[in-house]
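Shown next, in structure tokens, is the structure this report addresses.
Hydrogens, waters and symmetry mates are skipped; everything else that's a heavy atom, side chains included, is used. Note that ligands are numbered from 1 as they come in the structure, with each ligand's atoms numbered from 1 the same way.
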Amino acid sequence: MTVRSSQESVRLSDGVAIPLIGFGTWQLDSDDAYNGVRAALEIGYRHIDTATAYGNEDKVGAAVRDSGVGRENVFITTKCPPGNAGREAQTLDASLSALGVDFVDLWLVHWPPNGEARPDTWKAFIAALEQGKTRAIGVSNYSLAQIDELIAATGRAPALNQIPWNPFAFNEREVAELQRRDVVLEGYSPLKRTDLANPVLSEIAAAHNKTAAQVVLRWHVEHGFVVIPRSQRRERIEENFAVFDFELTEEELRRLNTLGG
Ligand SMILES: NC(=O)c1ccc[n+]([C@@H]2O[C@H](COP(=O)([O-])OP(=O)(O)OC[C@H]3O[C@@H](n4cnc5c(N)ncnc54)[C@H](OP(=O)(O)O)[C@@H]3O)[C@@H](O)[C@H]2O)c1
């Protein structure tokens, strides 16, 4: 299944538009987090992905403030660590304080706490949404069964599930099942988990005068998958955003979809 899109954002069930390409900040500490986010915002990214566990929310917040882009123009995601289940409200308040913002755009349960869906945690997320401390709520690393448990307990599906994703991991059933529940798929580790030297990727990249990384990211965009590549090098931060000026053919998309066999 292929949903063609050259759009730059998708709408979440909570009504908020999320830019398809965001800047990932895992393992970017201190100056690297600050400089990376400043570079990303200068280049044109308007979506930053952080987490309590990354320990860099203060640097991310400072970079957004100093960028001059304006808080209202930047989509900020942060995540609640599984170990903080039961202390959700305090965790979000600490994130808001570290980021120096009144609300985040998306708040995720980072992992199922102890491998469990935890509807009580999800209820605390719904309360935070109702209080306006986050504009949308979702999960990360949840299975379809765990998502169904949250829906059964609360009647509210997560707006998004952030999961490891790349062409080799493409799974048509997962895509269809998330779509059926109105859950947007956000992929993480798009480059790290991909063999960028794969000959099919190289061939498609050469045909468009692009890099293999750009083909991988364009593949996400054309499917409407949100994707959050990370780099600490400015030239790569730029490269990873330069994917809105070419289109993959149907045949190329088909070949990429079947890379994983
Ligand atoms: N929810 C979760 O559990 C979870 C888990 C993992 C990640 N995430 C999120 O997803 C983001 C992205 O995932 P990730 O950081 O694991 O991995 P990634 O973005 O797939 O890959 C990052 C690695 O790829 C390199 N790279 C970046 N651009 C490149 C390019 N154009 N060509 C070749 N290599 C390139 C980077 O090196 P240089 O820095 O040297 O360029 C870095 O080593 C994270 O930063 C985080 O925000 C979430």
Side-chain angles (χ1 to χ4, degrees), residues 18-40 43 45 47-57 59-60 63-64 74-84 95 99 104-113 115 137-143 146-147 158-169 178 183-198 201-202 204-205 208-221 225-243 246:
I18 180 169
L20 281 171
I21 297 204
F23 181 64
T25 66
W26 182 41
Q27 292 179 326
L28 294 185
D29 301 322
S30 198
D31 285 354
D32 284 339
Y34 180 85
N35 294 332
V37 173
R38 284 297 301 271
I43 287 161
Y45 291 71
H47 167 187
I48 310 294
D49 183 85
T50 182
T52 296
Y54 300 170
N56 60 15
E57 288 172 310
K59 299 295 175 190
V60 168
V64 170
V74 185
F75 190 103
I76 302 176
T77 300
T78 194
K79 315 184 191 84
C80 180
N84 288 28
S95 286
L99 284 159
V104 289
D105 296 281
L106 176 63
W107 191 35
L108 303 179
V109 186
H110 203 150
W111 287 86
I137 50 176
V139 294
S140 180
N141 300 299
Y142 268 57
S143 67
Q146 288 169 330
I147 288 173
L160 174 151
N161 191 17
Q162 186 182 113
I163 53 177
W165 199 245
N166 65 66
F168 292 88
L178 287 173
V183 179
V184 166
L185 192 161
E186 176 172 43
Y188 71 68
S189 304
L191 305 174
K192 211 170 61 182
R193 291 172 181 248
T194 296
D195 172 15
L196 294 174
N198 175 277
L201 272 180
S202 308
I204 296 173
H208 293 279
N209 205 15
K210 291 283 181 181
T211 64
Q214 288 172 319
V215 169
V216 169
L217 298 170
R218 181 70 205 176
W219 173 85
H220 286 78
V221 167
F225 304 141
V226 181
V227 64
I228 44 177
R230 179 241 327 171
S231 175
Q232 53 185 349
R233 306 189 211 178
R234 191 188 167 97
E235 66 277 15
R236 282 182 170 173
I237 300 175
E238 204 158 346
E239 174 185 333
N240 295 342
F241 198 68
V243 299
F246 75 111

Residue part near ligand 1, for T211, under 4.0 Å between non-hydrogen atoms: neither
Distance filter under 4.0 Å to P229 heavy atoms, resulting ligand 1 atoms: 19 (O)
Any donor-acceptor pair under 3.5 Å from N35 side chain to D31 backbone: yes
Steps toward ring-ring contact (aromatic ring centres under 6.0 Å, His included) verdict (F225, W165): CA-CA 9 Å; F225 304 141; W165 199 245; 5.4 Å; yes
Flag side-chain contact, heavy atom, 4.5 Å: L185 against V226: no
Q232 and ligand 1 - part of the residue with a heavy-atom distance under 4.0 Å: both
With a 3.5 Å cut-off and sequence neighbours excluded, list the donor-acceptor pairs that the side chains of residues 47-56 form with protein atoms.
from	atom 1	to	atom 2	distance (Å)
H47	ND1	P19	O	2.9
D49	OD1	K79	NZ	3.4
D49	OD1	Q162	NE2	3.0
D49	OD2	K79	NZ	2.6
T50	OG1	N56	OD1	2.6
T52	OG1	K79	O	3.1
T52	OG1	S95	OG	3.2
Y54	OH	K79	NZ	3.1
N56	ND2	T25	O	3.0
N56	ND2	T25	OG1	3.3
N56	ND2	L28	O	3.0

Ligand-residue contact atoms, ligand 1 with D49, heavy atoms, under 4.0 Å: 9 (C), 46 (C), 47 (O)
Atom 12 (C) of ligand 1: the protein heavy-atom neighbour that sits closest, reported with distance to 0.1 Å: I228 O, 3.0 Å
Parallel, tilted or perpendicular: rings of F246 and H208 (30°, 60°): tilted
D105 side chain vs T77 backbone, donor-acceptor pair below 3.5 Å: no
Closest approach of any protein heavy atom to atom 3 (O) of ligand 1, naming residue and atom: N141 ND2, 2.9 Å
Identity of the nearest option to atom 32 (N) of ligand 1, non-hydrogen atoms only, from R236, Q27, E238: R236
Ligand 1-proximal atoms of S140, by part, heavy-atom distance under 4.0 Å: side chain
Residue pair L99 / I76, side-chain heavy-atom distance below 4.5 Å: yes
Shortest protein heavy-atom distance from atom 13 (O) of ligand 1, along with the residue and atom involved: S189 N, 3.0 Å
Non-neighbouring partners of R234 that pass side-chain hydrogen bond (donor to acceptor under 3.5 Å, both in side chains), sequence neighbours left out: E42
Side-chain donor/acceptor of T211 to backbone N/O of Q214, under 3.5 Å: yes
Side chain Y188, main chain G24, donor-acceptor under 3.5 Å: no
Reference residue V184; test side-chain contact (heavy atoms from CB on, under 4.5 Å); the match among L160, L20, N161, L178: L160
Which residue and heavy atom of the protein sit nearest atom 20 (O) of ligand 1, plus the separation: L191 N, 2.7 Å
Element-labelled atoms of ligand 1 that are located less than 4.0 Å from some non-hydrogen atom of W111: 3 (O)
Closest contact, heavy atoms only, A40 versus F23: CB-CG, 3.8 Å
Check: L196 main-chain N/O paired with T194 side-chain donor or acceptor under 3.5 Å: no
Atoms of ligand 1 close to L196 [distance to a heavy atom under 4.0 angstrom, numbered from 1]: 33 (C)
Nearest protein heavy atom with distance in Å, relative to atom 46 (C) of ligand 1: Y54 OH, 3.3 Å
Min N/O separation K79 to ligand 1 under 3.5 Å: no
Note, L108 side chain near C80 side chain (heavy atom, < 4.5 Å): no
Identity and distance of the protein heavy atom lying nearest atom 41 (O) of ligand 1: S231 OG, 2.5 Å
Option of least heavy-atom distance to atom 42 (C) of ligand 1 (set: R230, Q214, E235, R233): R230
Proximity of K192 to ligand 1 by residue part, where a heavy atom lies under 4.0 Å: both
Closest protein heavy atom (residue, atom, distance) for atom 44 (C) of ligand 1: W26 CB, 3.5 Å
Where ligand 1 meets H110 - atom numbers and elements under 4.0 angstrom, heavy-atom basis: 1 (N), 2 (C), 3 (O)
Nearest protein heavy atom with distance in Å, relative to atom 6 (C) of ligand 1: Y188 CD1, 3.2 Å
Region of Q162 engaging ligand 1 - heavy atom pairs below 4.0 Å: side chain
Min heavy-atom dist F23 to ligand 1 below 4.0 Å: no
Per-atom contacts of ligand 1 with T25, taking only distances under 4.0 Å to non-hydrogen atoms: 45 (O), 47 (O)
A213 contact mode with ligand 1 (heavy-atom cut-off under 4.0 Å): side chain
